[in-house]
Structures are given as C-alpha cells and as structure tokens.
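Worksheet: one structure, shown below.
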Amino acid sequence: MDPKILYFLPLVYLFTITFASTEEATTLLKWKSTFKNQNNSLLASWTLRHPAAAKNFSSHDPCRDWYGVKCFNGRINRLNITNSGVIGTLHDFPFSSLPFLEYIDFSMNNLSGPIPAEIGKLTNLVEIDLDTNQLTGHIPPEIGNLINAKLFYAYSNELSGSIPIEIGKMKSLESLSLQKNNLSGPIPKSLDDLTELKILYLYSNQLSGLIPSELGNLKNLNELDLSDNKLSGSIPITLGDLTELETLYLHSNQLSGPIPRELGNLKNLNDLDISDNKLNGSIPITLGHLAELKLLHLYSNQLSGPIPSELGNLKKLNDLQLSNNQLTGPIPGSFGNLRNLQFLYLHTNKLSGPIPKELAFLDNLVELIISENQLSGHLPEHLCQGGKLENFTVNSNKLTGPIPRSFSKCSSFKRVRLDNNSFTGNLSDAFGIHPHLYFINLSENDFYGELSSNWGKCKSLTDLRVARNNISGSIPPEIGNLKGLQGLILSSNHLVGQIPRELGKLTSLVNRLLRNNQISGNIPMELGLLTKLDYLDLSDNRLNGSIPPFIGDYQHLFHLNLSNNKFGQKIPIEIGKITHLNVLDLSRNHLVGEIPPQLANLKVLVNLNLSHNGLSGRIPQEFESSTGLQDVVLSYNLLEGPIPNNKAFINASLEGNKGLCGNVVGIHPCGMPSSVVKKHSMAKGRKLILIIVLPVMGALVLLCVFIGVLFMCDKRRAGDVERRDGDGWLSISMALTGIKHRNIVNLYGYCSKAQHLLLVYEYVERGSLSSILSNKVESKKLDWFKRVNIIKGVAFALSYMHQDCSPPIVHRDISSSNVLLDSEYEARVADFGIAKLLKPDSSNCTALAGTYGYVAPELAYTMKVTQMCDVFSFGVLSLEIIKGKHLGEYITVLADSSTIDPEQLSDFLDERLPYPEDRVKEALVFIIKLACSCLLENSKNSRPTMHFISHKLSSMDARPPIHQRNPHVRRAI
C-alpha cells in the first residue's frame with residue numbers, strides 16, 4: 001500500500017468519527033432548543049461552531065467538552081444530565097440518532113410528558129434512569145426491545161396505566177424501579193421471566209389484584225418492594241422460595257389471610273414489613289427462624305393470639321413493631337434475648353400481665369411503646385440501665401405502684417408517657433434532672449407529694465403535664481427557667497399558693513391549664529409577657545383582685561376561662577381586642593359594672609358565659625351584629641333593658657335578671673307596664689285554649705288542601721319530570737352513575753318518578769366520618785395516619801370530579817356527614833343530592849345549598865357555583881378531621897395562619913390521640929397550612945385548586961423513616 005495512503009488513514013478516521021460525533025451532537029442541540037430554560041448554566045457547554053471556522057477540531061469536540069457527554073470510539077455512549085434543572089420533554093429527544101447509547105441518566109429534572117415509544121430503538125442501552133421528573137402517560141411496551149438493559153429507573157413521576165407485559169422480554173434486567181407513580185392494574189405475571197432480576201421496586205402506586213405466585217421464580221431477587229398499593233388476596237407461599245431475598249416490603253396494601261409459615265425459609269432476610277394490611281390469624285412461630293432479621297413490622301393488621309416466644313431467637317433484630325392488632329397474653333420474657341433491639345412497639349393490643357423484668361436486659365433499647373393494653377403490675381426497676389432509652393410510653397394501661405428509683409437517673413429520656421394508669425407514690429423525688437427530656441405526661445394517676453424544683457433544670461422541656469393527680473404544695477418558681485416550655489398542664493390537683501411571678505419568663509408558653517386547684521392571689525403583672533398563649537384556663541381556683549387588662553395583649557388566645565374564682569371590679573374592655581377569641585367564660589366571680597360593648601368586636605366568639613356575677617346595666621346592642629355567637633349564658637346578674645335582636649341572645653340563658661325585656665319566653669315584652677304584665681299573665685289561660693284549638697282546625701284545612709294537591713299532581717307528573725331534567729337532576733343522576741373512583745361511593749342507579757328522585761348507593765360499612773369523630777371510642781381508632789389518608793382520599797375524589805369529569809362536577813355539600821368510611825377507614829365521598837354540573841357557557845348560578853359551617857362565604861352573596869366552593873369546604877373538613885371536631889367560627893380567622901409553626905400544632909390536634917411523631921407532625925403542619933389556604937376569601941385568585949392539593953398530598957409521606965437504605969419504610973405511629 002502506498003505510504004501516503006497509510007499516512008492519511010488516521011486523518012480520515014479522525015475526520016470520520018469527528019463528523020459522526022458532531023452529527024450526534026447536532027441532534028442533541030435540537031433537543032436542547034426545545035427546553036423552556038435555554039439559559040441553563042450547566043448545559044452552556046453544549047455549543048458547536050462551524051468546523052471551517054475552527055483551527056482545532058478537538059477544542060470543540062462534544063465527546064470532550066460537553067457537560068455530561070461521554071463517548072467510546074468517537075460515538076456518544078453516555079449521557080448524564082442528572083439534577084441539571086432541565087425543563088422540557090422527551091418528545092424531541094433523538095433516540096434514532098444515538099444508536100450507540102449505553103447509559104442515560106436524566107433523573108431529578110423537570111421533564112414532563114410521556115416516555116416516547118422511540119425509546120425502544122436504543123437497543124444497546126444498559127442503564128436508563130428517568131426518576132424524579134414529571135413524566136406522565138403510559139410506559140410504552142416498546143421498552144421490551146431493550147433486551148440488553150440491566151437497570152431501568154422511572155420512579156417518582158406521574159406515570160399511569162398498567163405495567164406493560166413486554167417488560168418480561170428484558171431478560172438481562174437486574175434492577176426495575178417504577179415506584180412512586182400512578183401505575184394501576186395488576187402486576188404482570190411475565191415478570192417471572194426476568195430471571196436475572198435482583199431488585200424490584202413497585203411501591204407507592206395504584207396497583208391492584210393479587211400478588212402473582214410466579215414471582216417465586218425470581219431466584220436471584222434480593223429486594224422486593226410492593227408496598228403502598230391496593231394489592232389484595234393472600235401472600236403467596238411461593239415467596240418462601242426466594243432464598244436470596246434480603247428485603248421484603250408488602251405493607252400498606254389490602255392483603256388478607258394468614259401470614260404464610262413459608263416465610264420462615266427466607267434465611268437471608270434482613271427486613272420484613274407486612275404491616276398495615278388485613279392479615280389475620282396468629283404470628284407464625286417459623287418467623288423465629290429468620291436469624292438475619294433486623295426489622296420486623298406486623299403492625300396495623302388483625303393478628304390475634306399470643307406473641308410467639310420464638311421471636312426471642314432473632315438475636316440481630318433492632319426494630320420490632322406489632323402494634324395495632326388484637327394480640328393477647330403476656331409479653332414474652334424471651335424478648336430479653338434481643339440485645340440489639342432499639343425499637344419495640346406493642347401498643348394498642350390486648351396484652352395483659354406484667355411488663356417482663358427481662359426487658360431490663362435490652363441495653364440498646366431507644367423506644368419502648370406498650371400503651372393502650374391491659375398490662376398490670378409494677379414497672380421493672382432497671383428498665384433504663386442501658387442508658388439509651390429515649391421514648392418510654394406505657395399510658396392507658398392498668399399499671400400500679402410507684403415510679404422506680406432508677407428513673408430519676410435516666411439521663412437519656414426524651415419523651416415519657418405514664419398517663420391514664422394507677423401509679424402511686426410521692427412524685428417529689430421520682431424524677432431527677434433529665435437534660436434531653438422534652439415531653440412528659442403523668443396525668444390521670446394517683447401521685448401525691450409536691451412538684452420538684454428539678455423540673456426547672458430539665459432545660460429541653462417543652463411540655464409538662466401532671467393533671468388529675470393528688471399533687472399538693474405550690475408551683476415551683478424554678479419552672480420559670482424553662483425558656484422553651486409551651487405547655488403547662490397542672491389542672492385538677494391540690495395546688496395552693498400564688499402563681500409565681502417567674503412564670504412570666506415562659507415567653508414560649510402556648511397552653512396553660514391550672515384549673516381546679518386552690519391557687520389564690522392576683523394574676524401577676526409579669527404574665528403580661530406571655531403573648532403567645534392561645535389557651536388559658538385558670539378556672540375553679542381562688543384567684544382574686546381584678547382581671548388584668550394585659551390579657552388583651554394575648555392576640556393568639558382563642559380560649560379564655562377564668563370562671564369560678566373571686567375576681568372583682570369591671571370586665572376589662574381590652575378583652576375586646578382578642579380578635580381570635582372563640583370561648584370566653586368569666587362566670588361565677590364577683591364582677592360588677594356593665595358588659596363592655598367592645599366584647600361585640602370578638603367576631604369569632606362562639607361561647608360567652610358571664611353568669612353568676614354582679615353585672616348591671618343593659619346588654620350592649622352591638623351584639624346584634626355578632627352572628628357567630630351560638631351559646632350565651634348571662635343568668636343571675638343585675639342586667640336590665642332590651643335583649644339584643646340576635647338568635648344567640650333569644651335562645652340564651654337569662655334567668656335571674658329581673659330587669660330584662662324582649663320577645664323571649666319567660667321575659668315580659670319591652671315597654672309593657674307592670675299592670676299590663678299582670679293582665680298578660682291572666683290572658684295566658686285563654687291563649688292556651690287557642691293554642692290547642694287552632695292547630696287542630698288548621699290541620700283539618702291542610703288535609704283537605706293536601707287531597708286536592710294530590711289530585712292535581714297526577715296531571716302534572718310528565719311535566720314535572722321534564723322540569724327536573726331541565727334543572728339538571730336527571731342529568732346529574734346519569735354524570736354520577738358513570739363516576740368510578742375509589743374514594744367516591746358508587747351510585748348503582750336512580751329512580752325518577754313523579755315528584756320523587758331516588759339515588760341508590762353502595763353500602764359503606766363504618767358509616768359517616770361525623771359519627772365516628774363524635775364517638776369517644778371510635779374516634780381513637782382514627783389514628784393520625786388514618787386521618788391523613790382520609791384527607792388525601794377526599795382530595796383525590798374532589799380532584800377527580802373537578803378535573804377528570806366532563807363536564808366538571810361540583811359537590812356543593814362536602815362535610816363530615818357526607819364522607820363515609822369503609823371497613824379499612826378509606827374515605828368515600830357520598831351524597832350528591834345537590835351536586836351541580838358546571839357548564840362553561842353558563843353562569844352556573846344556584847340557590848344557596850350546603851351544610852352550615854362548610855359553605856364558602858362567596859356563595860352566600862354571589863349565588864355562583866365554582867369548584868372553589870368545594871375547596872373551601874375541603875379546608876374546613878381537613879381541619880375538623882385533625883381537631884376531631886368542627887372549629888366553628890374560628891375558621892374565619894385561619895386564612896391568615898399560613899405561618900403556622902410546628903410549635904402551634906397542639907392547638908389544632910385532637911386531644912384524644914397521642915401526640916404525633918416528628919414525621920407525622922410535619923405532615924399535619926403542612927396539611928393545616930394547605931387547609932388554611934383553602935379558606936381565603938378571594939377564592940378565584942388565592943385558593944388552590946383540588947388538582948394542586950391532591951398533587952401535593954400524593955407526594956407527601958406522613959410516615960417516619962426507619963431504614964436508611966430504603967427511606968420509604970416507616971415506623972408505626
């Protein structure tokens with residue numbers, strides 16, 4: 001060969017590969033040109049100049065100079081732009097122009113739209129990562145062409161539809177992650193062809209149906225996570241064949257039946273979480289064979305029978321949670337062998353007997369929660385000897401005896417709950433100085449003695465509760481040193497003396513309950529600094545002097561109760577400045593003078609009790625505008641003059657005031673002299689006869705009219721049906737029979753005849769949310785996790801009605817009475833009796849409809865129905881679910897509460913439930929803020945849409961993380 005030719009061959013090769021890579025780069029530049037953020041700094045290197053203008057090709061080589069681009073033999077084979085802030089789609093990505101691509105990482109960007117079918121042309125692809133974007137639509141079946149792919153990540157998107165069966169063609173696949181999408185339908189049986197698969201993540205989707213028994217063929221599988229879906233049926237026994245399995249997560253589904261004993265064959269298993277399902281039967285003793293097990297979660301099922309002592313063989317176990325079941329019998333003493341155990345949750349069962357003394361051997365124990373059982377006996381003496389116990393919760397049992405002396409030396413304590421037991425003993429020295437303790441509840445026991453000054457040395461303390469005991473002595477002034485204290489609840493004891501001035505230093509205090517003691521003296525002026533207070537109850541004491549005017553500075557206060565004391569002088573007019581006040585009770589004191597008209601400025605006041613005082617003068621007529629008032633008690637004062645023309649005052653308790661007048665039963669009309677009053681009373685007898693006779697005569701007349709109307713109605717039935725159809729009733733009955741959503745009650749049919757419209761719905765087992773929240777026993781079953789899920793369910797239902805129905809449907813009567821709960825406490829929106837179809841070419845005006853307390857304010861004066869009406873009702877309902885009751889007129893002030901901090905959370909919580917853990921606490925604060933934004937008065941421009949709300953809630957995880965490798969795994973609440 002000519003030496004000259006040999007000389008030029010490298011140049012030809014260099015030119016060829018340079019031209020090829022430049023051509024590929026050009027197609028990438030065309031894709032970049034579709035981005036919405038063209039000025040992306042990370043991709044600024046993606047530029048080309050004409051080769052003729054460049055003296056050195058390599059200085060502009062995409063293979064060397066472009067961010068995230070790698071080449072092999074001059075062809076682009078790797079593309080990594082993870083977390084680059086790209087805003088665009090995959091629609092124009094040059095799949096066919098990059099045939100040598102082996103690795104793609106587009107994760108953590110803002111890519112939207114579908115995954116194109118052209119992805120199947122990248123037949124050399126080994127790894128593809130599309131996670132944490134906003135991709136939508138179906139997964140294209142063409143991915144089955146990626147037969148060389150070993151890794152496919154598309155999680156944390158909004159992908160929908162079913163998983164294509166063609167995935168089974170990807171024989172080389174080792175890792176498949178599709179979690180955190182909206183995928184539905186069954187798990188394809190074809191997955192059993194992925195014999196090389198080691199990781200299968202499908203959690204946090206909408207997958208339904210059975211778990212395929214064929215998954216037992218994936219012999220190389222190390223991690224299987226199908227949690228947080230709608231999977232039903234039993235757990236396949238074939239999963240016991242996956243002997244290489246290290247992680248098995250099936251929690252948060254609808255699985256039923258017993259736990260297969262075959263799971264005891266998984267010798268390499270580290271984590272087993274099948275909590276939050278419908279599993280029943282007993283816990284298999286074969287689980288005691290899982291020698292490598294570190295995490296075992298079986299909570300929130302229907303498991304019964306005793307806890308197997310064989311679980312004490314799991315020497316490597318560090319997290320055991322069996323709570324929220326129906327387990328009976330004792331806590332096994334063999335648990336003392338679990339020396340690596342850090343978390344032991346057995347609460348909300350039917351366990352009995354004593355707390356085993358062997359638990360004192362658990363040197364690494366961090367959290368022990370065994371509340372809400374039937375445990376009895378004394379606390380073991382050395383439970384805290386390991387020095388690591390942080391959370392000790394045994395409330396709501398039948399435990400007795402004194403607090404072990406060793407507890408005073410537990411410096412590791414952070415959270416302690418002993419409330420609602422029968423503990424006894426002197427509390428003065430039962431606890432010591434606990435530098436990390438932030439919450440302690442000793443209420444509802446039989447402790448005696450005095451409050452120790454050591455509480456003032458627990459510098460981290462934010463909540464101290466010792467209510468309903470037999471504590472005596474005075475309040476230690478050292479408590480004033482607790483700068484972060486937010487809750488001080490010492491009610492229903494035998495405390496004496498005065499309120500220490502030092503408590504004025506507790507500037508973070510939110511709740512203070514000292515009611516039902518024997519505290520005396522004045523309210524110290526130093527307490528004027530407690531401006532964050534929102535709940536103050538000093539009732540049933542011996543406080544005297546005047547009510548200090550500085551109470552008007554408590555701008556966050558919504559509950560003020562100073563009743564049954566010895567306060568004298570006048571009611572301070574400054575109380576009228578507490579604009580958030582919901583309850584004001586100053587009854588049973590020695591107050592004199594007139595009722596300040598400034599109290600009428602309290603627009604959200606619901607309950608007002610000023611009874612049993614010496615108040616005189618007239619009731620201020622300004623109260624006529626207090627439309628929020630519901631319960632007024634002014635009895636046994638010296639009031640006189642006319643009663644305000646207000647429904648609350650017309651129905652008020654006013655007895656014992658001889659000078660009042662008005663059109664109220666038991667009180668003489670205004671302007672009537674005493675002689676007339678006497679004649680008026682004599683005429684009552686005659687009126688009584690008329691009261692009896694006239695209704696009888698009227699009933700006979702109405703009966704005749706009714707018969708005539710029935711006769712006329714026969715002739716109008718056809719026309720009536722047409723009119724109802726014109727008003728949308730029949731139309732709605734037909735947009736409703738077509739609604740299919742898991743959070744909406746199915747409408748099986750309707751019957752329209754004459755003047756009657758009958759709607760036939762499915763039966764929902766647990767009845768209305770309203771009835772459950774109002775029931776003391778049933779409401780406790782609605783834990784925080786269930787309540788968050790109920791709020792999510794209602795949001796998903798409304799989003800579906802507003803966004804996915806054509807035309808959109810507005811419910812118009814969202815309330816706790818119209819939300820039903822199924823057997824699994826899943827929310828089902830019901831009662832579409834006043835629903836309305838939104839027509840884009842119509843004004844959508846309507847008569848006022850809905851339940852009082854939930855109706856959007858603009859509907860009252862515009863009569864125009866929009867989706868924002870449902871948004872307002874949803875906000876009210878969300879707050880009601882969290883609080884456990886309707887917030888009344890207090891909701892009108894919450895539109896300005898978007899700055900709610902976690903420290904304010906206790907004001908909104910249902911006190912019947914345990915205080916939420918940190919992760920749930922964050923979720924609740926988020927929901928409360930979201931709910932408050934739904935109450936904004938400027939509905940169109942300020943309130944969020946239900947689509948936005950449902951999207952935010954669906955991406956929120958209220959469950960606290962446990963396992964760092966798989967952060968979606970949660971601990972029981």
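Since we're looking at a predicted model, the values are computed, not measured.
- Residues V604 and T579 fail the side-chain proximity criterion, which asks for heavy atoms closer than 4.5 Å.
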Please walk me through it: do D910 and K885 pass salt bridge (Lys or Arg N to Asp or Glu O under 4.0 Å)? CA-CA 8 Å; D910 192 336; K885 61 181 179 181; over 6 Å; no
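- In this structure the side chain of H138 never reaches within 4.5 angstrom of the side chain of I115, judged on heavy atoms.
- The shortest heavy-atom contact between N253 and S227 is ND2-CA, 3.7 Å.
- The main-chain N or O of K647 is found under 3.5 Å from a side-chain atom of N651 such that the two form a donor-acceptor pair.
- Of all non-hydrogen atoms in M868 and R943, the two that sit nearest each other are O-NH1, 3.0 Å.
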List the steps, then state whether side-chain hydrogen bond (donor to acceptor under 3.5 Å, both in side chains) holds for D813 with N818. CA-CA 7 Å; D813 197 13; N818 290 336; 3.1 Å; yes
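- F785 pairs in a side chain to side chain contact (heavy atoms under 4.5 Å, CB included) with only one of the listed residues (I790, V920, N324, D276), which is D276.
- When only modelled atom types and interatomic distance are considered, Q206 and K230 share a side-chain donor-acceptor pair under 3.5 Å.
- Cation-pi check for R766 over Y825 is met; the charged atom lies under 6.0 angstrom from the ring centroid and within 45 degrees of its normal.
- Contact of the I949 side chain with the L930 side chain is registered, since non-hydrogen atoms from C-beta on lie closer than 4.5 Å.
- Judged purely by atom type and a 3.5 angstrom limit, E824 has no side-chain atom pairing as donor or acceptor with the backbone of L821.
- Ionic pairing of K180 and D228 is not present here: no N-O contact between side-chain nitrogen and carboxylate oxygen is shorter than 4.0 angstrom.
- Side chains of D870 and H802: a donor on one and an acceptor on the other come within 3.5 Å.
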Would L608 and L629 count as a side-chain contact (heavy atoms from CB on, under 4.5 Å) here? Give the steps. CA-CA 8 Å; L608 173 65; L629 272 176; 4.1 Å; yes
Do K781 and E778 pass the salt bridge (Lys or Arg N to Asp or Glu O under 4.0 Å) test, and can you show the C-alpha distance, the side-chain angles, and the key distance before you say yes or no? CA-CA 5 Å; K781 297 178 182 178; E778 292 298 320; 3.3 Å; yes
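- For the atom pair S815 OG and H811 NE2, the distance stands at 8.0 Å (nearest 0.5 Å).
- Of the possible donor and acceptor atoms, none in the side chain of H951 sits under 3.5 Å from a partner among the backbone N and O of M946.
- Other residues, nucleotides and ligands contribute only 12 or fewer heavy atoms inside 6.0 Å of the CZ atom of F948.
- In this structure, P644 and E624 approach most closely via the heavy-atom pair CB-CG, 3.7 Å.
- Side-chain contact check for L913 versus W784: some heavy-atom pair is nearer than 4.5 Å.
- A centroid separation of less than 6.0 Å is found between the aromatic rings of H886 and Y854.
- The six-membered or imidazole ring of Y155 lies away from that of Y201, with a centre-to-centre distance of 6.0 Å or more.
- No side-chain donor from either of N205 and N229 sits under 3.5 Å from a side-chain acceptor of the other.
- Summarising the local packing, NZ of K577 is surrounded by more than 12 heavy atoms from other residues, nucleotides or ligands at distances under 6.0 Å.
- Exactly one residue among I551, L533, V583 makes a side chain to side chain contact (heavy atoms under 4.5 Å, CB included) with L560. That residue is I551.
- Under the 3.5 Å distance criterion, the side-chain polar atoms of D463 are left unmatched by any main-chain donor or acceptor of F439.
- Defined by atom type and a distance below 3.5 Å, a donor-acceptor pair is present between the side-chain atoms of N743 and E826.
- Shortest non-hydrogen contact noted between M801 and C805 is O-CB, 3.4 Å.
- In this structure, N133 contributes its side chain and L130 its backbone to a donor-acceptor pair below 3.5 Å.
- Looking at T82 and S107, their side chains do bring a donor and an acceptor atom within 3.5 Å of each other.
- Remark: the backbone N or O of F623 is paired with a side-chain donor or acceptor of N646 at under 3.5 angstrom.
- Across every non-hydrogen atom of L159 and T136, the tightest pair is CD2-O, 3.6 Å.
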Residues R828, E762; criterion salt bridge (Lys or Arg N to Asp or Glu O under 4.0 Å); working and verdict: CA-CA 10 Å; R828 310 289 294 277; E762 68 173 315; 2.2 Å; yes
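- Cation-pi contact between K883 and F908: absent, since separation from the ring centre below 6.0 Å together with deviation from the ring axis within 45° is not met.
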side-chain contact (heavy atoms from CB on, under 4.5 Å), that's the test. Do T132 and N83 meet it? Break it down for me. CA-CA 9 Å; T132 319; N83 200 19; over 6 Å; no
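- If you take CG on L798 and NE2 on H741, they are separated by 9.5 Å, rounding to the nearest 0.5 Å.
- Counted by atom type alone, Q134 and N110 present one or more donor-acceptor pairs between their side chains at under 3.5 Å.
- Annotation: side chain of N181 is not in contact with side chain of I139 (no heavy-atom distance under 4.5 Å).
- In this structure, N37 contributes its side chain and I87 its backbone to a donor-acceptor pair below 3.5 Å.
- Atom-to-atom distance recorded for C934:SG and L879:CG is 8.5 Å, nearest 0.5 angstrom.
- For the pair N582 and N607, the minimum side-chain heavy-atom distance is 4.5 Å or more.
- The minimum heavy-atom distance between S771 and S774, with the atom names listed, is O-OG, 3.0 Å.
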Start with the C-alpha distance between L207 and L231, add both sets of side-chain angles, then the distance that settles side-chain contact (heavy atoms from CB on, under 4.5 Å), and finish with yes or no. CA-CA 6 Å; L207 298 173; L231 299 172; 4.2 Å; yes
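- Separating the OG atom in S933 from the CD1 atom in I928 is a distance of 12.0 Å, to the nearest 0.5 Å.
- The backbone N or O of A795 lies less than 3.5 Å from no partner atom in the side chain of S799, so there is not a single donor-acceptor pair.
- Here the straight-line distance linking atom CD1 of I791 with atom CG of L877 works out to 7.5 Å at 0.5 Å rounding.
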Residues K952, F926; criterion side-chain contact (heavy atoms from CB on, under 4.5 Å); working and verdict: CA-CA 10 Å; K952 288 293 184 182; F926 175 79; 3.9 Å; yes
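- In this structure, the side chain of S84 does not engage the main chain of V86 through any donor-acceptor pair within 3.5 Å.
- The shortest distance between side-chain heavy atoms of I927 and L953 falls below 4.5 Å.
- With S873 contributing its side chain and C869 its backbone, the two residues share a donor-acceptor pair below 3.5 Å.
- For the residue pair S816/E880, the side-chain donor-acceptor check at 3.5 Å is satisfied.
- Proximity of L782 to L769: side-chain heavy atoms (C-beta onward) are separated by under 4.5 Å at one or more points.
- Here H580 and F558 keep their ring centres 6.0 angstrom or further from each other.
- Note that CG of L909 and CZ of R787 are 9.5 Å apart. Values are rounded to the nearest 0.5 Å.
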